[in-house]
K.L.:
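Below you'll find the structure I mean.
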2 protein chains.
Amino acid sequence: MAGIKDVAAEAGVSVATVSRVLNSHPSVSEEARVRVLAAVETLGYRPNAVARSLRTAQTRTLGLVISDVLNPYFTELARFVEEEARALGYSVIIGNADERPELQDHHIRTLIDRRIDGLLVSPADGGSPLMREVALGGTPMVFVDRWIPGIDVPVVRADGTGAVKDLVAHLHGLGHRRLAIIAGPAATTTGNERVEAFRDAMRELGLALPDAYIGQGDFQAASGRLATQRFLALAEPPEVVFAADNLMALGALDAIRARGLRVPDDIALAAFDDIPWFVHTDPPITAIAQPTADLARAAVRALADRIEGRTPQSVTLPARLVVRRSCGGAASNQRSDR
Amino acid sequence: MAGIKDVAAEAGVSVATVSRVLNSHPSVSEEARVRVLAAVETLGYRPNAVARSLRTAQTRTLGLVISDVLNPYFTELARFVEEEARALGYSVIIGNADERPELQDHHIRTLIDRRIDGLLVSPADGGSPLMREVALGGTPMVFVDRWIPGIDVPVVRADGTGAVKDLVAHLHGLGHRRLAIIAGPAATTTGNERVEAFRDAMRELGLALPDAYIGQGDFQAASGRLATQRFLALAEPPEVVFAADNLMALGALDAIRARGLRVPDDIALAAFDDIPWFVHTDPPITAIAQPTADLARAAVRALADRIEGRTPQSVTLPARLVVRRSCGGAASNQRSDR
DNA sequence: ATCATCCGTGTAATCGATTCCATGGCTCTG
DNA sequence: CAGAGCCATGGAATCGATTACACGGATGAT
């Protein structure tokens with residue numbers, strides 16, 4: 001593969017001049033420029049990004065570590081992150097932690113070794129020593145969706161409290177009183193916040209959230225299934241199950257079906273995170289939608305700000321309730337999404 | 001950040017010795033080894049992968065260019081590709097082409113510039129000049145799922161002909177005679193092959209596939225919706241719609257619902273590509289499942305073979321039919337997947 | 001005892017770019 | 001017309017690793 005030296009030889013100039021042309025440095029004569037460009041063209045020269053990175057100490061690459069690529073919410077997030085990063089001239093390397101802290105650490109380490117310019121993380125746990133070290137070590141970093149208290153890094157996330165309040169009011173209005181929730185891992189912020197928001201919203205309406213109505217999940221479908229089986233086995237099962245993410249909602253749906261029950265007639269179901277498939281399930285599922293694209297864009301911009309010496313800002317955007325048929329009532333096939 | 005020189009100084013040896021220890025070169029005294037390791041530990045030294053790559057001319061990174069990350073089939077593929085690559089000591093950079101050839105070219109170019117060791121591609125089109133050039137240029141490359149005729153590169157894919165035949169027999173057995181298909185883009189191999197397999201299977205049963213029953217899609221939901229609307233507007237609409245991928249099936253489901261029809265009573269539906277969500281749609285959708293994990297593993301291994309000087313092999317694995325309720329008949333909620 | 005081998009180690013070249021500094025020619029100014 | 005300043009350019013240092021080569025000392029064979 002042709003190098004800068006070959007181009008210099010072909011154009012009859014020095015490598016310094018070639019480099020200047022390629023980086024549009026002002027001090028280059030028009031004649032040299034055209035000669036270099038012609039040489040680049042005939043040789044099909046492409047600069048070696050590895051060599052350039054070594055010298056300039058920047059890779060124009062961002063690392064994105066997410067907890068589960070198979071979760072459509074994160075897939076979508078990743079897609080928009082890449083889009084915005086590309087617009088800003090960065091590439092993205094995605095690391096899938098699969099909700100496993102040690103895998104998360106593995107990815108963070110390789111990304112750092114590769115000298116990525118910045119790191120976007122949705123932590124799978126409450127904070128590995130490594131993550132703290134990296135943040136303190138000066139690597140530009142931004143948390144997205146989830147964050148870790150005590151690590152001083154900008155956070156870009158959605159605030160679901162308003163939407164959860166709307167949801168609880170909606171359920172209350174439909175006559176439901178016994179509401180249960182499948183929580184996410186206690187080690188994640190989203191795992192806790194959603195339960196708290198739910199509990200608060202219920203309290204405001206004078207409803208209690210007994211411990212038996214709090215299932216412990218891990219953001220995976222199987223845990224949603226299990227938690228729901230427990231709910232259904234209670235002497236007084238809940239009238240509504242609210243899953244803290246979309247995969248657990250699917251597990252819940254499974255468990256309900258397996259029990260021979262029907263949604264929403266026998267039991268209602270709602271989920272945090274709206275995904276396209278919820279329109280097509282039986283029945284379509286009422287969900288809380290996050291502004292995924294905006295979150296992704298804001299996160300990338302915050303990270304780019306940090307990298308390029310500007311002051312990054314934490315961003316919190318509101319989530320909103322999308323009512324479908326899974327909780328009963330008249331709300332029908334409305335095109336409330338997209 | 002500490003460099004190899006700092007480690008050498010700390011350990012009281014030369015950089016060469018440090019490098020030897022780190023690369024487990026045999027000619028190092030036990031004493032030097034422990035001293036270097038200790039120095040590495042106290043300094044928290046991590047080798048700079050960029051510098052190493054420049055010198056060794058390998059990045060231990062694979063590029064994966066897929067046509068649509070939001071398509072669960074490709075998401076899953078990407079996830080298993082990363083898993084296998086990691087097991088083999090490679091990182092993966094994913095490029096999402098969004099079914100747009102120019103975006104695909106962009107990703108290929110940046111990946112080449114970054115000197116990835118090999119490229120895994122599921123081409124979005126019939127073959128850009130760039131792709132041909134890269135393949136000819138000696139970059140190790142493997143096609144996965146889709147491929148480009150005329151480019152001599154190993155192909156790892158699923159063969160759906162058997163499963164399609166099973167599907168058509170299943171439909172025929174249920175009494176369906178007017179079968180329609182929503183095809184993928186003609187520029188993709190999967191777009192054509194699936195139609196051909198369908199047509200052949202029908203012919204064997206003495207059925208014709210009229211042009212009006214071939215919808216042109218682009219593997220996106222919207223195109224499935226459109227094609228289905230056309231089918232339903234025909235004087236004699238089909239009894240079955242078979243979508244060549246999962247997103248178009250979803251679009252078809254939308255169109256059928258919008259028309260006020262019911263699946264499978266009014267019209268049957270089946271899809272190529274099985275995804276977890278198909279279990280939860282209304283009704284669960286009969287689909288042709290690809291062995292995604294095996295495909296991903298085979299593709300990565302073929303690429304690693306090529307990179308490491310062994311002879312890579314093309315691999316074709318059979319897809320299989322998973323019967324659910326969307327085509328009618330007795331096939332019920334069976335757990336036929338996973 | 002002598003010479004060849006081998007082993008552990010260090011010095012320096014190398015990968016392919018960017019960039020500091022020196023240089024020579026030119027223009028501008030006083 | 002001389003000195004200052006600027007511009008285009010090239011030579012060489014540099015980034016942080018790997019590795020070819022040289023070298024001295026120890027070991028083994030004859």
Side-chain angles (χ1 to χ4, degrees), chain A residues 1-37 39-40 43-61 89 91 109-117 139, chain B residues 1-37 39-40 43-61 89 91 109-110 112-117 137 139:
Chain A
M1 197 163 282
I4 196 171
K5 277 198 277 227
D6 305 304
V7 177
E10 171 82 15
V13 298
S14 73
V15 293
T17 300
V18 175
S19 177
R20 286 193 192 99
V21 171
L22 265 35
N23 295 285
S24 41
H25 184 102
S27 280
V28 189
S29 70
E30 189 53 28
E31 202 213 312
R33 183 187 317 281
V34 297
R35 289 242 300 282
V36 168
L37 259 22
V40 165
L43 295 178
Y45 168 75
R46 298 244 82 211
N48 183 327
V50 176
R52 178 194 306 236
S53 292
L54 177 60
R55 182 61 231 252
T56 61
Q58 54 163 345
T59 50
R60 298 223 60 100
T61 302
S91 294
R109 222 183 297 272
T110 30
L111 290 169
I112 298 294
D113 286 355
R114 276 158 203 270
R115 300 297 191 270
I116 43 115
D117 292 341
T139 303
Chain B
M1 196 162 282
I4 197 171
K5 277 198 278 229
D6 305 304
V7 176
E10 172 81 15
V13 297
S14 73
V15 293
T17 300
V18 175
S19 176
R20 289 194 190 97
V21 171
L22 266 34
N23 295 284
S24 41
H25 184 101
S27 280
V28 190
S29 71
E30 190 53 28
E31 203 213 312
R33 184 186 316 280
V34 298
R35 289 242 300 283
V36 167
L37 259 22
V40 165
L43 295 178
Y45 169 75
R46 300 244 82 211
N48 183 326
V50 176
R52 181 197 304 245
S53 292
L54 177 60
R55 180 61 230 249
T56 61
Q58 54 163 347
T59 50
R60 298 224 58 100
T61 302
S91 295
R109 220 184 297 272
T110 32
I112 297 294
D113 286 355
R114 276 156 203 270
R115 299 298 190 270
I116 42 116
D117 292 342
T139 303

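Given the structure is predicted, the values throughout are model-derived calculations rather than measurements.
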K.L.:
Quick one: side-chain hydrogen bond (donor to acceptor under 3.5 Å, both in side chains) partners of A:D113, sequence neighbours excluded?
P.N.:
B:R46

K.L.:
Let's see if you get this right: which residues in residues 18-37 of chain B place a heavy atom under 4.0 Å from DNA chain D?
P.N.:
B:S19, B:R20, B:N23

K.L.:
Just the table, please: protein N/O against nucleotides 23-28 of chain D N/O, every pair under 3.5 Å.
P.N.:
none

K.L.:
How many whole angstroms separate atom CZ of B:R60 from atom P of D:dA17?
P.N.:
18 Å

K.L.:
Let's see if you get this right: which residues in residues 50-58 of chain A place a heavy atom under 4.0 Å from DNA chain C?
P.N.:
A:A51, A:R52, A:L54, A:R55, A:T56

K.L.:
With B:R55, which residues qualify under side-chain hydrogen bond (donor to acceptor under 3.5 Å, both in side chains), at least two apart?
P.N.:
none

K.L.:
Excluding sequence neighbours, so at least two apart, what forms side chain to side chain contact (heavy atoms under 4.5 Å, CB included) with A:L111?
P.N.:
A:V65, A:I93, A:I116, A:L119

K.L.:
Do any side-chain nitrogens or oxygens of A:S14 fall under 4.0 Å of OP1 or OP2 in D:dG11?
P.N.:
no

K.L.:
The criterion is salt bridge (Lys or Arg N to Asp or Glu O under 4.0 Å); which residues satisfy it with B:R52, sequence neighbours excluded?
P.N.:
none

K.L.:
In a table with atom names and distances, give each donor-acceptor pair under 3.5 Å that connects a side chain of residues 18-27 of chain B to protein atoms at least two apart or in another chain.
P.N.:
unit_1: B:S19; atom_1: OG; unit_2: B:N23; atom_2: ND2; d: 3.3
unit_1: B:N23; atom_1: ND2; unit_2: B:S19; atom_2: O; d: 2.7

K.L.:
Under the side chain to side chain contact (heavy atoms under 4.5 Å, CB included) rule, collect the residues that match up with A:A2, sequence neighbours excluded.
P.N.:
A:D6, A:L43

K.L.:
Find the bend of the helix from C:dA1-D:dT30 to C:dG30-D:dC1 as the angle between its two terminal axes (five pairs each), to the nearest 10°.
P.N.:
40°

K.L.:
Can you confirm whether the side chains of B:S53 and B:R115 place a donor and an acceptor under 3.5 Å from each other?
P.N.:
no

K.L.:
How close do A:Y45 and A:I4 get, counting heavy atoms only, and between which atoms?
P.N.:
CE1-N, 3.6 Å

K.L.:
Taking all non-hydrogen atoms of both residues, which atom of B:S14 and which atom of B:A8 are closest, and how far apart?
P.N.:
C-CB, 3.7 Å

K.L.:
In whole angstrom, give the distance that lies between atom OH of B:Y45 and atom P of D:dG16.
P.N.:
10 Å

K.L.:
According to side-chain hydrogen bond (donor to acceptor under 3.5 Å, both in side chains), who are the partners of B:R109, at least two apart in sequence or on a separate chain?
P.N.:
none

K.L.:
Taking NZ from B:K5 and P from C:dA12, how many angstroms apart are they, rounded to a whole number?
P.N.:
13 Å

K.L.:
Under a 4.5 Å cut-off applied to non-hydrogen side-chain atoms, are A:R114 and B:T61 in contact?
P.N.:
yes

K.L.:
Listed by chain and number, what are the side-chain hydrogen bond (donor to acceptor under 3.5 Å, both in side chains) partners of B:D117, not counting sequence neighbours?
P.N.:
B:T59

K.L.:
Starting at atom CE of A:M1, determine the distance to atom P of C:dG16, rounded to an integer number of angstrom.
P.N.:
11 Å

K.L.:
Considering all heavy atoms of both residues, which atom of A:V50 and which atom of A:N48 are nearest to each other, and what is their separation?
P.N.:
N-OD1, 2.7 Å

K.L.:
To the nearest angstrom, how far is A:I4 atom CD1 from D:dG10 atom P?
P.N.:
12 Å

